Amino acid sequence: ELSQRFEDAVRGLKGEASISEGNVDSALKDVRRALLDADVSLPVVKSFIAEVREKALGADVVRGVSPDQQFIKLVHEELVEVMGGANAPLAKAEQSPTVVLMAGLQGAGKTTATAKLGLHLKEQGRRALLVAADTYRPAAIDQLQTLGQQIDVEVFSLGADAKPEAIAEAGLAKGREEGFDTVIVDTAGRLQIDTSMMEEMVRIRSAVAPDEVLLVVDSMIGQEAADLTRSFHEQVGITGAVLTKMDGDSRGGAALSIRKVSGAPIKFIGTGEKVEALQPFHPERMASRILG
Amino acid sequence: NLGDDPLSEASLDDIETLLLQADVGVEATDQVLDLLRRRMNEAVVDGSEAINLLKDQLRNLLDAPIKSMGANPLLAPQKGRLNIWLMVGVNGVGKTTTLGKLANLAVRSGYSCLVAAGDTFRAAAVQQLQVWADRSGVPLVANPSANADPAAVVFDAIGAAQSKDIELLLVDTAGRLQTKNNLMEELAKVRRIVDRLAPDAAVESLLVLDASQGQNGLRQAMAFAKAAGLTGVVLTKLDGTARGGVAFAVASESNLPIRFIGAGEGLRDLRPFNSFEFVEALLA
Ligand SMILES: Nc1nc2c(ncn2[C@@H]2O[C@H](COP(=O)(O)OP(=O)(O)OP(=O)(O)O)[C@@H](O)[C@H]2O)c(=O)[nH]1
Ligand SMILES: Nc1nc2c(ncn2[C@@H]2O[C@H](COP(=O)(O)OP(=O)(O)OP(=O)(O)O)[C@@H](O)[C@H]2O)c(=O)[nH]1
Ligand SMILES: [Mg+2]
Ligand SMILES: [Mg+2]
């Protein structure tokens with residue numbers, strides 16, 4: 001288990017006078033294994049370990065703090081720092097409506113997150129319009145409309161025969177005309193290597209000029225998280241992420257990969273299937289979860 | 001570059017990187033490397049021999065469950081009797097889509113088929129399955145009332161399948177995280193109903209795993225095996241960049257055969273699992 005491995009890592013440092021070249025590498029080896037077990041992408045693990053190594057060796061000896069305690073604290077702090085310190089809220093444009101575009105792989109939780117954000121905004125006294133622009137998945141538009149009805153938030157679509165970019169554009173127009181302060185566009189799941197679908201995403205993006213592009217990622221995702229984030233960031237440009245299904249027991253190492261690769265903060269986490277199950281992201285809690 | 005030079009620590013590093021990035025996991029990767037390292041320490045292992053060693057080891061891990069069961073490597077419904085196949089797994093992995101593909105495969109292969117809408121919870125789950133069923137002209141059994149008991153739908157579907165001499169009943173279930181005890185108990189209840197109402201049916205309980213997921217896949221397999229009595233695995237989304245390496249841990253720890261591969265969102269994007277092809281793609 002991760003926490004066991006982490007204890008093993010620092011066992012090598014117990015009884016040592018300080019963290020040194022001689023003892024740090026075996027401790028780091030265990031941290032590396034722990035992060036891989038937690039599904040952090042390998043290149044991200046490597047650069048993180050290198051940073052921790054530098055800091056550990058450069059750290060001043062703290063009186064009364066044993067090296068193993070100092071090491072654990074350092075790893076934890078470094079994780080929290082990489083994942084972004086304080087919580088980052090949803091964008092709010094100067095001129096209404098704020099436009100939010102949802103993107104990600106198939107089954108990540110985009111449609112559910114779209115409704116969750118709609119409810120979250122409603123509870124803040126804001127008026128969101130949800131735009132159903134997934135014309136591929138059977139009953140995708142029905143799904144968002146059903147969720148919208150459950151929370152009494154309006155859903156707009158032109159139907160599955162229209163082009164997604166046209167639906168997005170028309171949704172934005174309605175949002176402006178009818179004074180919604182936020183328009184959230186749900187899109188079809190797509191592979192980052194599907195050229196035509198990624199080009200479509202770029203067209204949807206151009207059509208609505210979003211203030212926020214949220215990459216929705218399943219917290220159970222494996223090594224692919226780094227490549228996925230890089231591709232979406234390079235081709236579409238992401239401003240934030242939503243990490244879903246955090247009510248499970250996955251370590252969620254993707255959180256570190258997403259942040260490292262794109263610099264974008266994770267803004268929310270999904271904590272259940274119900275529409276109320278959305279919470280702001282807290283880096284310290286995520287760091288503890290990744291480290292077990 | 002792998003296979004050009006004899007096996008060395010450097011090439012072991014390359015193999016480790018490849019396996020780790022394919023989601024094989026730390027422990028399974030270490031086991032593979034240990035075996036290769038032992039061979040390397042006994043004698044010079046030339047490049048192509050190393051690759052074959054690696055491929056054999058990986059293939060054997062995946063084929064072991066079938067070999068140990070003495071089962072048919074190709075899964076198909078048994079003609080002339082009721083077959084009931086349950087699709088189970090966590091949220092969003094591709095259960096409903098896979099079921100749609102299986103219904104199509106069944107019809108094209110000449111089986112009479114029926115689909116049960118066992119997901120009575122999620123928004124538009126029944127409508128989604130209805131579209132898939134319509135694509136193959138397969139009838140759907142569903143309960144239209146809100147938050148119906150999935151057990152009731154399965155009960156009705158089995159009754160319909162038996163009275164119409166259906167050969168393959170495909171049961172869709174709601175996605176559920178294995179940490180939710182009440183939902184796992186709900187699934188266990190569905191499985192008990194199947195066993196009780198159709199004791200003579202050939203039952204397959206298929207865990208659908210998403211190839212893009214990491215190490216949690218093993219935890220899913222262990223938990224779902226307890227609740228739903230698993231007989232096999234379907235690995236989906238292999239058309240993406242993910243290589244599905246968690247399949248090795250699942251095969252060896254839960255002793256489950258991988259039965260089908262999902263490689264796309266279309267009706268025909270399903271094929272029987274082939275360990276040779278899978279390992280080739282993994283090392284590509
Ligand atoms: N337990 C849990 N389930 C979730 C969460 N978020 C979404 N889900 C479930 O995950 C599944 C997929 O969610 P969707 O919203 O349909 O995912 P999507 O990204 O829109 O899927 P596609 O449109 O097909 O790409 C559904 O069963 C949701 O109920 C979460 O935070 N926790
Ligand atoms: N690229 C790709 N997408 C797939 C594959 N299988 C399923 N999908 C997509 O994954 C998403 C989720 O599929 P579903 O069939 O709804 O998954 P599910 O397990 O039934 O989801 P829940 O019922 O909500 O738990 C959909 O967008 C599917 O089109 C596959 O093999 N490849
Ligand atoms: Mg969706
Ligand atoms: Mg489903």
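Remember, it's a predicted structure, so these values are computed and weren't measured experimentally. Residue numbers begin at 1 in each chain, while the letters A, B, ... track the order of the sequences.
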Per-residue contact mode, A/Q145 against chain B (heavy atom under 4.5 angstrom): neither
Side chain, backbone, both or neither of A/D218 within contact of chain B (heavy atoms, under 4.5 Å): side chain
Heavy-atom pair count under 4.5 Å with chain B, highest-scoring of A/A139, A/S219, A/G253, A/P138: A/P138
Per-residue contact mode, B/Q130 against chain A (heavy atom under 4.5 angstrom): neither
Side chain / backbone / both / neither for A/K46 at chain B, heavy atoms under 4.5 Å: side chain
Positions in residues 223-230 of chain A that reach chain B, provided some heavy atom is under 4.5 Å away: A/Q223, A/E224, A/D227
B/Q128/A/R137 under side chain to side chain contact (heavy atoms under 4.5 Å, CB included): CA gap, chis, key distance, verdict: CA-CA 8 Å; B/Q128 182 189 9; A/R137 170 172 158 154; 3.5 Å; yes
For chain A, which residues of residues 90-105 of chain B have heavy atoms nearer than 4.5 angstrom: B/V90, B/N91, B/G92
Top contributor to chain A interface from B/A124, B/G214, B/G245 [non-hydrogen pairs under 4.5 Å]: B/G214
Residue A/I221 versus chain B: region with a heavy atom under 4.5 Å: both
pair A/R32-B/V26: side-chain heavy atoms closer than 4.5 Å: no
Region of B/L183 in contact with chain A, defined by heavy-atom distances below 4.5 Å: side chain
Within 6.0 Å of CZ in B/R108, more than 12 heavy atoms from elsewhere: yes
Pairs satisfying salt bridge (charged side-chain N to carboxylate O under 4.0 Å, His left out), at least one member in residues 171-180 of chain B, at least two apart: A/D247-B/K180, B/R176-B/E186
Heavy-atom side-chain proximity of B/D210 to A/M220 below 4.5 angstrom: no
Which residues share a side-chain hydrogen bond (donor to acceptor under 3.5 Å, both in side chains) with A/Q106, sequence neighbours left out: B/E265
Top of B/Q213, B/R122, B/Q127 for chain A proximity - count of heavy-atom pairs under 4.5 angstrom: B/Q213
Pairwise distance CG(B/L177) to NZ(A/K245) - rounded to 0.5 angstrom: 8.0 Å
Smallest separation among heavy atoms of B/Q21 and A/P43, with atom names: NE2-CD, 3.4 Å
Which portion of B/D239 sits near chain A, non-hydrogen atoms under 4.5 angstrom: both
Chain A contact via B/R135 - which portion, at a heavy-atom distance below 4.5 Å: side chain
Interatomic spacing from CG in B/L18 to CG in A/L42 - rounded to 0.5 Å: 10.5 Å
Largest heavy-atom contact set with chain B, pairs under 4.5 Å, which of A/L105, A/L191, A/L144, A/T146: A/L191
Heavy-atom pair count under 4.5 Å with chain A, highest-scoring of B/T236, B/V131, B/L20: B/L20
A/K163 atom NZ, neighbour heavy-atom count above 12 within 6.0 Å: no
